[in-house]
Structure formats: structure tokens, C-alpha cells
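The next block holds one structure in the form of C-alpha cells; read it before the comments.
Remember, it's a predicted structure, so these values are computed and weren't measured experimentally. Every heavy atom of this structure was used, including side-chain atoms; hydrogens, water molecules and symmetry mates were not. We name chains A, B, ... by the order of the sequence lines, and we start the count at 1 in each one.
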There are 2 protein chains.
Amino acid sequence: MKLQQLRYLLAIVDSGLNITAAAGRLYTSQPGVSKQIKLLEEELGVQLFSRKGKSLDRITPAGQEILERASTIMREVQNIAGVAQNHQKEQRGRLSIGTTHTQARYVLPSVIHEFRSRYPNVVLELHQGTSEQIAEMVTGRKIDFAIATDSQHLFDELFLLPCYRWDRSVIVPANHPLANNAQRPTLTQLAAYPLLTYVFSSDGTSSLKQAFEEQDLTPNVVFTARDADVIKTYVRMGLGVGIVASMAEDCEEGGGLVAFDGKGLFPRCTTWIGFQRDTVLRNYIHDFVELFAPHLTTDLTRTAAKASDQEAVDALLEGITLPLRGGISKLSAGAPIAHSRRLRESFQAVDYPG
Amino acid sequence: MKLQQLRYLLAIVDSGLNITAAAGRLYTSQPGVSKQIKLLEEELGVQLFSRKGKSLDRITPAGQEILERASTIMREVQNIAGVAQNHQKEQRGRLSIGTTHTQARYVLPSVIHEFRSRYPNVVLELHQGTSEQIAEMVTGRKIDFAIATDSQHLFDELFLLPCYRWDRSVIVPANHPLANNAQRPTLTQLAAYPLLTYVFSSDGTSSLKQAFEEQDLTPNVVFTARDADVIKTYVRMGLGVGIVASMAEDCEEGGGLVAFDGKGLFPRCTTWIGFQRDTVLRNYIHDFVELFAPHLTTDLTRTAAKASDQEAVDALLEGITLPLRGGISKLSAGAPIAHSRRLRESFQAVDYPG
DNA sequence: CGCGTTTACGTCGTTCGTAACGATA
DNA sequence: TATCGTTACGAACGACGTAAACGCG
């Protein structure tokens, strides 16, 4: 038995039982992969795949069990490499982050600036995408971790560490009727105007929609985007009232928009960071996490990584107060993290793309 | 990184950082081992060992972490082989059992007879030894499992499944003063005679001794052996009164000895079977276990093997009644297993070699 | 006939064992 | 000087890639 054979096995399954595709992904020849699998089957004395003609049809029960164990073996191999890296003096390597637009545009720049000066030899990759795309990237181990907001249901296999909380803001053009309001508009007032906001997650649930519906109102959403800047552009053009993350609003510099704090109008959102379970995180990853969320110390994250389930992770965070983020520079003590214990359950319906 | 390199690493540590010895154990040349370790260090970019001159002095912290992961990798490799074997039609292989004399001599023969007829192609190895020796064999993976009585403190790394309980018997020669007793002797009476019994475990605690001491008596043990047959021989010679497992007494066929049931006189003993955690057990092992202890079904053992600690294992057995064994053929319903929950704790002082 | 797998074969890299060398106590 | 680890080198093995054959839709 060789590590390559196990790697080939995983790649074949990952490629939908297509050996040619697996070979391509492995940057090697197809007959080589084919032969190694055959050798492995011969050595073990069991068929790993059932064949239909010459093609692989499906994986056998034995193959399935072996696949899972092969997977943990390859994970441990990765971990050995990670441990080794962590013991090197000079921290080199790669850090791949998957996140959504709001984080990438408004929150991460300052973190990344500091990170780059600390680790000039770490290549940084920022993958922006939808929650669904990020979920796929991280479970497929294309990225080291995900930063996202709510939508925990997409990240069942990860362990999630809450980083901070934030509210939405309501933005209108300076010449909008609501712009002269002394106080911020109510949901009833907002329901009277066309709304521009983030794309709702594919499963259709949305904490924003729910906030309206709880008051028997139906929001008239005429435009959605993943991108607060795009939304603001169209708000300026007079298409309607924008509802965006407060962090995005804070960036505004006299661009002809008036903003109201949406605190209390809509459910508060929680942004978290999510890792694969059972992986060794390199030192610079711990550092990045702590830069992003100071309460997530290396020790705490390391302990959390060993936790068996999300319950245990949440228990570790019991009593910690999450920052409330209004913008890049404004941090104020915020809501206690108490609700994080049931973070996954209680916020399943909330999938506001952060 | 190659599996061989990890195997070499483990062997070196197992051999006390002696590469030559490791090479011998691996049936390969010493320079080969040396080179592979060097290659591994080069690939990982860390020293696995700190050298004193050319000799290995000790393992580095990085090496220690890597060692542990290498260990789980090799375990999973073994498990893959085991899974593969379990999916073969013809069950071939090897079954290595470590146990003490009483089990090997009085309890296992019938089990092994049946097992051999079911699995003629499985090579059976029975390793007899002291509890300490067995503990070392099973943690070093020289044997598949251990069968022993009490002395749980020696087997911390294993998970233990209780199999049956038994009492001791008092044996005297037919011409002994006690032989004509209508009732069995009391502890006070026994304390008046020289006693012959099993060797006490090395840590000095003994449930037998304790039973006497609780009544402020001091037993006069003049002879100890690991072997009931040896004890009986010397009892026949008139050296004193023997105290052995009832299973051993039941074998007697008019050999000039008189036996009294020791039930109630001494604490009852529990014989268990212990496995390494996180290992896949081959089908025939499950079958052996069920032959030995019918309440330990394959499903139950498999579930127990996944349990994270002994507490969880014991919880699985809650409510099951353990057989009480008086001899090879005599099985009677016995004490409820309730105490098994705290098996490890409450019986730490009991280390009667079964 | 295209797609995908297997078989065949030549090449190259790696591992292994022997032998000689080096260092340490 | 004995023990243990490293270096050097030649032989054997194994993996890989190209090319061709095979089976299936």
C-alpha cells in the first residue's frame, strides 16, 4: 500500500469515478492511475469499484470504508506537513481565504494589510464568492477557511467561530423623501418604497424578508446584488431605498447618500470564520484569525479545532462578548455571545450574504 | 512523504532511538533507514531528532507531533487491511490472544475448539503471560486483544469489555483437618493455615489480602504461583491450603483434594477482554468474542470500539447481566453488570491474576 | 467512431544492500 | 576498540509515460 494509491483512490472518487479526469487532476497519466488502483485492489484482495464493462460503475462497500480511512490518512499527511511548517523559523506558504463581498471590500483590507507586513513570504489568495461557492471550496479543501455571515446550514462539516456582529443600514439619495426624516424610517415606511438589497440565499429564506413579514408587510424588492457598491450606485440613480451592511455605509464619503442606522429594525447578523475539522492550522492562520477577531486567540482556536462538534466549540466561547462592528474603524462592545450556543439552529433562517 | 518513512520513524522511536535496532526489526538495512529518515526531514524541512554527535539523542517537539500523526496513519493503514480482509469470502489470517494461565487452561479450550472448526484457515496464537506482559503486548500491537481478570489499571489505553465473573475456591488435601468440615472454612480458620495461591500483582495490592485484612487477619501465604495446577500439586503434597479460581477446581477428578466454594469469602472477580482503541476488528475476532462471551455481540463490540472512553463503553453494557462461571461447563445467571460502570475505579485494588 | 480503460513496453528514478568511512565513548 | 550512524556505489525494482488494443455506447 502506498500513499499515492490512496491519493489516486480519493481523486477518482472526487472525479466521479472517471479515471481519466482523476489523472488530469493529478497531473499524471491515466494508465498509471489505472494500474495503481488495480495493484491496490490486488494487494488488499478486494474490489474497490464495481465495473460495468471497463468503466467504473460505483464504489463497493469495502471501497467506501477504505475510502473513508484513506481520507483520514491523507488528512493526517497534510497535517504532518502543516506541523512541520509551523516549526520552521521563516513562515512561508500560502493562505487561501474564501469570503463574500462585504468582508472582502470593507472588513478585510486592514487585516490583510497588517498580515502582509507580518508575513511577507506567505502568498495570499482571496477567493470571493457566494456562500454556496465558498462552502464548496472549503469542504473540497481548496481554501483554508471561510469567512461568511449566518447561513450556517451550508457549513455543517466545518466548525464555526463567531467573529463579530453587525446591523444593516438604510441608505437613500439626498433628494429622497425619506432623506429629510428626523428619525430613521420604520418598516412600514420602507415597505412603501422599492427596495434594493443583497441577493437572498438560494433556499429562499431571508432574515430581512422575515422582519417585514412579522409585521404583516411585504417588502417590494426591485433589485438585488451581491455587492454593496453596486447597490449604492443604483440607489444614487434613484431606483429606491438601499439596505446594506453598516460597514458598507460607513465607507461613504459624501457621495450624495443619506444613511440611517438599521439597528433594531432587522435581526442582527453574525459573521464567523469556519474551518475544516481535524486539520492542523499553520501559525500564520492563527495569527490571521486573531487579527480579524481578537477574542479568537491561538489557544482558543486550537482547542476549538479539536472539539468533536459545534456544541463543544460554542461552549468554549461561552461568556465572551463579540464586538459589534459599525465600520472599518468603529468597534464597540456589543451583544453578549450567549446566543452563539445555538448559533446554527436559531439562525438557519437568516442568510443574508455578508 | 512515504508510508515507509513513517513506518521507519515509528520503529526508530520504538527501538529507543537506535536506528540499527530499528532496521533489524524492519528486516532491512540500517543505511536505508537512516537515509529515509534524512529524506523525510529534508522534505518536511524540520529535524525529527536532535543529534548528539551522530547518534540520535532525543526526538524534537516537531518530531513528537509528527510521530503521533504518523502513528494514526499507520493505524489506519492497518485498518484498511483489516476492512479488506473482512470483505473477503474466505476468512484467513491470524488471531493472537494474550491471556493468563487460568483462562488458557480452563476457560479457553472449548472456545478455541469451536473457533478452529469455524475458521480452519485462521492461524491461532495464544500468548500466555502475566498481566504486565500482556499489557505490553497489546499496547505494542503484538497481539489482537487481551483476556485478563481485574487489574484494569494496567490497561488504561484499551477499552475493556467484561465477559464473566467468578469466585475463588478453597482446596485442601483429603487428609487435611479442614477436609472434614461440614461447612466451608471461615477466613479466621484459613488464617491459621499456610496458604498457597496466585502471585500477587507487582504493585502489591490484592483483593485476597484485603479480604483478610478487613477482618484484621493476616494471611500466611507460603507459596505463590501463576498456575493453578502447580498450586494444586503442592496442596496435595500437604504444604497448606490452596485458594484458586473455581474454574480450576471444577476440573478436579478425584485427585485427592477437597474443594469448598469460596463465594462470599473473597471479592468476586471479573474477567474482561481488552482491545486497542480505534482499530478495525476482523470478523473472526468478533466471532471469537461472542463465543467467549455471548452477550458481546458483533454489533455491541463494534459500537464499543468507536466509543471515546471507557465510560461510554460501560454505558453500552448497562443492564446486561454477566454470566457467573463456576467451571468449564457450568454457567449460571449471576450478578448484574451494574458495577461495571465503575469497573476500572472500584476494582483497581483487585488484581488477582485470572 | 468517440470515450474510457486496459495492455504492452521502454525509460528513468528510487530504493535497497554491501562495503567502506567517520565519529563517539 | 567497539558501537552506531553516514557516505558511496552498483544492482534491482517499480513507477511513469507513450503507443496501441479493446469494449461499450
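- The nucleotide whose nearest atom lies closest to any side-chain atom of K52(B) is, among dG4(C), dA25(C), dT15(C), dA25(C).
- One interatomic measurement links the two molecules: CG of L56(B) to P of dA23(C), which rounds to 17 Å at whole-angstrom precision.
- Across dC16(D), dG5(D), dT14(C), the shortest atom-to-atom separation from the side chain of Y8(A) is found for dC16(D).
- Residues Q30(A) and Q5(A) both approach DNA chain D. Their nearest nucleotides, taken by heavy-atom distance, put Q5(A) toward the 5′ side.
- Which of dT18(D), dG17(C), dT15(C) sits closest to the side chain of S29(B) comes down to dG17(C).
- In this structure, L3(B) atom CG and dA15(D) atom P are separated by 13 Å, rounded to whole Å.
- To the nearest angstrom, C1' of dA23(C) lies 14 Å from CD1 of I19(B).
- Relative to the side chain of K2(B), the nucleotides dT14(C), dT7(C), dA15(D) differ in distance, and dT14(C) lies closest.
- Counting non-hydrogen atoms under 4.0 angstrom, L26(A) reaches nothing in the nucleic acid.
- The CG-C1' distance, from L17(B) to dG5(D), rounds to 13 Å in whole Å.
- Which of dT15(C), dT7(D), dC16(D) sits closest to the side chain of Q36(A) comes down to dC16(D).
- For K35(A) and dG10(C), the NZ to C1' distance is 12 Å, given to the nearest whole Å.
- For CZ of R58(B), the number of neighbouring non-hydrogen atoms (other residues, nucleotides, ligands) closer than 6.0 Å is 12 at most.
- Phosphate contact (OP1/OP2 of dT5(C), side-chain N/O of T20(A), threshold under 4.0 Å): present.
- Each of N18(A) and T28(B) was assigned the nucleotide of DNA chain C with the nearest heavy atom; the assignment lying further toward the 5' end belongs to N18(A).
- No engagement by G32(A) is indicated, since no non-hydrogen atom pair under 4.0 Å with the nucleic acid exists.
- In terms of heavy atoms, S131(A) sits closest to L154(A) at CB-CD1, 3.5 Å.
- Ion pairing between R94(A) and D144(A) fails under the 4.0 Å rule for side-chain N and carboxylate O.
- Surrounding CD of Q30(A) are more than 12 heavy atoms belonging to other residues, nucleotides or ligands, all under 6.0 Å away.
- Between D57(A) atom CG and dC3(C) atom P the separation is 21 Å, expressed in whole Å.
- To the nearest angstrom, P of dC16(D) lies 16 Å from OH of Y27(A).
- Closest approach of L40(A) and M1(A) over heavy atoms only: CD1-CG, 4.0 Å.
- Within 4.0 Å (heavy atoms only), F49(B) reaches no atom of the nucleic acid at all.
- Relative orientation of the Y284(B) and F115(B) rings is perpendicular, given thresholds of 30° and 60° on the angle between their planes.
- Rounded to an integer number of Å, the gap from CD of E42(B) to P of dT14(C) is 12 Å.
- Using a 4.0 Å heavy-atom cutoff across all strands shown, K38(A) reaches sugar-phosphate atoms only and no base atom.
- Using a 4.0 Å heavy-atom criterion, one finds that Q4(A) contacts the sugar-phosphate atoms exclusively.
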